[in-house]
Amino acid sequence: MTEPRFLQIHFLAPYTAALLNRDDSGLAKRLPYGGHLRTRVSSQCLKRHWRLADDPHSLHRIAGADDAFRSRETVDRKVFADWAADVDAAVVKPIRDAMLTAVYGDKGTDKKSRQTLLLGEVEVAYLTAEARRLVAEAGDDAKAAAALAKEWNKTHKANLRAMSEGAKLPGGLTGALFGRMVTSDPKANIDAPVHVAHAFTVHAEEAEGDYFIAADDLARDEDTGADTIQETELTSGLFYGYVVVDLPGLLSNLGGDARLAGDVLHNLLYLIAEVSPGAKLGSTAPYSRASLLLVEAGDRQPRSLAEAFRSPCPAETGQAVAALSDHLAALDAAYATGEVRRVMSLANAEVPGAAPGTLADLAGFARELPAQLAGPAA
Amino acid sequence: MTLRWLHLRLTAPLMAFGDVSIDHVGPTRDFPSASALTGLFANALGWRREDGAAHQALQDRLIFGALIAREGRVLTDNQNARLGGNDRGWTTWGRPDERACATYDSPHRRRRDYLADHDCRVVLRLLPGDGPDLDRLAAVLERPARPLFIGRKPCLPTAPLFAGWIDADNVQAALLALAMPGRALWPMTGDDPGFDLPDLRNWVTGLHGGSRRVCEGMIP
């Protein structure tokens, strides 16, 4: 059984008479592909809407993340791990307490009062290096340790507050998947474990210029004419989108917590299928649901299925799924990459190697994946 | 003496190869740079950004030629980022990084160029030295440590990057062995007319690392 290191998510989503994503000239973003111009929704637009959606499945709403007791013990268990057992307890204690208060706040030394922080691999590596340095500097002297710890706490307070703000729930979950502010220190940065391709229509663009005016109802009889005359673009399209999640990367950002990683993936599938990337909410109501969601779990190099639509395909889910399946079958015949697949489709069409299911089934499948990875124990 | 070359296929609906970038515009060339290929392999190998020496050693050993199998168009994507004045990030230096200033109420606008519908082939070999060998590179292209992307993270490939092996004496012969006509770029040897291409990166400092002499021409 191959390890599910990468989760590939393909979707087809129809949007009619909308202007989902504009460029700086106010027109829909486009992509030339296969000799035809397609309408496009940019990667950053998709990510932003999934990140900020106020949806029952937004990452902010993952229930029970507060109960992740293990993340309250990160400093005790992971930072002061086996190496600390060989050191005199009197020397370790003031340093550990200083670190706990700096990271978790003034009540940090009491486990029950600690807030839950998602400290990932880079945070743990940094804190461990600092702890070892302080212990080495203190030598065997408990008093020196206490003094060093107090001084460290004072000078590093601002830096560690920045660390704990980024790791706090619920923002920490969103940061673990979509990334945090990038600093100039490569050792402190995480790479967002999600890759989102620009979505584009499977067919050549279908756009219409919508000429409209705004009239002032309070205008007097002699004030004729419109107050403003404008033109905007309306596009319709069946969009193909592609997302890859790096599961080991996600686990490392969540401190190895496979259950939380599973919840993040579960909610992400709902967000991809249900959240609109659209703008112009009032004038176009660009709300839709994915008509196809195909997920693949495997360890081979992830690849987009965009080539299925190199020749523009009719803008209809059934035919688009057929084109996708043909291309997927050709890839399987040539490369036999052996991913495990599940598909949710509104069209009654088979996708090679993919067991059909509902969105809940696919989300449940995704939720079980992190636990299958042979990684560090959560 | 016949050498073995790794054949890479770089193709995606949108790709970016990078170029000298000065301001809010992120341009792209139509051939991959030595730094881009180094970064691609480093990602596949699972290296971290701070492994500067390992990256530098790999870049120094790289010998490659590139050929455009399908010429794409340059597409400029307009991107807006809202940066908050109070944003803070921790560092391993003990002081948090802050933003120089907020973008007030308007977003920070920038443009990024991509190559749309472009297909570029690369023939590549490594000089002997410390680090992975060609077989290891081929293996990590098939089973990478992290998802592979071509230039920027949304640039996910549509085909496996590893496209096979080629036997040839030198770069030009390897490019000819692809049996695809197109415009190509290869390292300058001997007295061929060439030009300076600033596509090297200094991986230890993270800044640009100078240029190398290359030739560009048509492969029949």
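We name chains A, B, ... by the order of the sequence lines, and we start the count at 1 in each one. Only heavy atoms go into these numbers, but all of them, side chains included; no hydrogens, no water, no symmetry mates.
Residue Arg40(A) comes nearest to Leu75(B) through the heavy atom pair NH2-CD2, 3.5 Å, listed as atom of the first residue, atom of the second, then distance. Considering every non-hydrogen atom in both Trp90(B) and Ala162(A), the closest pair reads N-CB, 3.9 Å. Here the closest non-hydrogen pair linking Pro186(A) and Glu50(B) is O-OE1, 3.7 Å. Minimum heavy-atom separation, Asn189(A) to Arg48(B): O-NH2, 3.8 Å. Summarising the geometry of Gln301(A) relative to Leu141(B), their closest heavy-atom pair is CB-O, 3.3 Å, with the distance given to 0.1 Å. Contact between Asp117(B) and Gly34(A) at its shortest, heavy atoms only, is OD2-N, 2.7 Å.
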Next item on the list: Let me see the working for Glu142(B) and Arg300(A) under side chain to side chain contact (heavy atoms under 4.5 Å, CB included), right down to the final yes or no.
Entry: CA-CA 6 Å; Glu142(B) 299 217 296; Arg300(A) 297 291 293 274; 3.5 Å; yes

Notebook entry, point to check: Yes or no on side chain to side chain contact (heavy atoms under 4.5 Å, CB included) for Arg88(B) and Met163(A), after CA distance, side-chain angles and deciding distance?
Noted result: CA-CA 9 Å; Arg88(B) 240 166 279 277; Met163(A) 183 193 284; over 6 Å; no

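Looking at Leu31(A), the atoms closer than 4.5 Å to chain B (heavy atoms on both sides) sit in the backbone and in the side chain alike. For Arg152(B), no part lies under 4.5 angstrom from a heavy atom of chain A. Looking at Arg73(B), the atoms closer than 4.5 Å to chain A (heavy atoms on both sides) all sit in the side chain, from C-beta outward. Heavy atoms of Arg30(A) lying under 4.5 Å from chain B belong exclusively to its backbone. Within the 4.5 angstrom heavy-atom criterion, no atom of Val182(A) approaches chain B. For Ala308(A), no part lies under 4.5 angstrom from a heavy atom of chain B. Both the backbone and the side chain of Ala145(B) have a heavy atom closer than 4.5 Å to some heavy atom of chain A.
Between the side chain of Lys153(B) and the backbone N or O of Pro193(A), no donor-acceptor pair lies under 3.5 Å. Using modelled atom types, no side-chain atom of Asp77(B) and backbone atom of Ser42(A) make a donor-acceptor pair closer than 3.5 Å. With hydrogens and angles ignored, the 3.5 Å screen pairs no side-chain donor or acceptor of Arg95(B) with any backbone N or O of Asn159(A). With hydrogens and angles ignored, the 3.5 Å screen pairs no side-chain donor or acceptor of Asp97(B) with any backbone N or O of Thr183(A).
Atom OG1 of residue Thr158(B) and atom CD of residue Glu307(A) lie 4.5 Å apart, to the nearest 0.5 angstrom. The distance from atom CZ of Phe162(B) to atom OH of Tyr335(A), rounded to the nearest 0.5 Å, is 10.0 Å. Within the model, atoms OG of Ser43(A) and CD of Gln79(B) stand 8.5 Å from one another, a figure rounded to the nearest 0.5 Å.
The environment of Arg212(B) atom CZ is dense: over 12 non-hydrogen atoms of other residues, nucleotides or ligands sit within 6.0 angstrom. The number of heavy atoms from other shown groups lying within 6.0 Å of CD (Glu137(A)) is above 12. No more than 12 heavy atoms of other residues, nucleotides or ligands sit less than 6.0 Å from atom CZ of Arg136(B). Heavy atoms from other residues, nucleotides or ligands lying under 6.0 Å from CZ of Arg310(A) number more than 12.
Ranked by non-hydrogen atom pairs under 4.5 Å with chain B, the options Trp152(A), Phe6(A), Phe200(A) are led by Phe6(A). Annotation: maximal heavy-atom pairing with chain B below 4.5 Å, among Pro302(A), Ala129(A), Cys45(A), Ala125(A), occurs at Pro302(A). The greatest number of non-hydrogen atom pairs below 4.5 Å with chain A, out of Leu14(B), Thr11(B), Asn78(B), is found for Asn78(B). If you tally non-hydrogen atom pairs under 4.5 Å between each of Arg49(B), Arg111(B), Arg143(B) and chain A, the highest count goes to Arg143(B). Each of His327(A), Arg303(A), His195(A) has some count of heavy-atom pairs under 4.5 Å with chain B, and the biggest count is that of His195(A). Interface remark: of the candidates Ala44(B), Gly89(B), Gly94(B), Gly94(B) forms the most heavy-atom pairs closer than 4.5 Å to chain A. In terms of non-hydrogen atom pairs under 4.5 Å with chain A, the most contact-rich of Ala159(B), Pro157(B), Pro147(B), Ala116(B) is Pro147(B). Between chain B and the options Gly35(A), Ala197(A), Gly298(A), heavy-atom pairs under 4.5 Å are most frequent for Ala197(A).
By a heavy-atom distance cut of under 4.5 Å, Tyr242(A), Val244(A), Asp246(A) are the residues of residues 240-249 of chain A near chain B, going up by number. For residues 21-38 of chain B, an interface with chain A (any heavy-atom pair closer than 4.5 Å) does not exist.
Note: His198(A) and Tyr114(B) have perpendicular aromatic rings, judged against thresholds of 30 and 60 degrees for the angle between ring planes.
Under 4.0 Å is where a charged nitrogen must lie from a carboxylate oxygen, and between Arg146(B) and Asp191(A) no such pair does.
Taking the side chain to side chain donor-acceptor pair (under 3.5 Å) definition, one finds that Asp23(A) meets it with Ser25(A), sequence neighbours left out.
Proximity of Glu130(A) to Thr92(B): side-chain heavy atoms (C-beta onward) are nowhere separated by under 4.5 Å. Proximity of Gln44(A) to Arg112(B): side-chain heavy atoms (C-beta onward) are nowhere separated by under 4.5 Å.
Within the structure, every pair that satisfies the salt bridge (Lys or Arg N to Asp or Glu O under 4.0 Å) test and touches residues 176-188 of chain A, not counting sequence neighbours, is listed here: Glu123(A)-Arg180(A).
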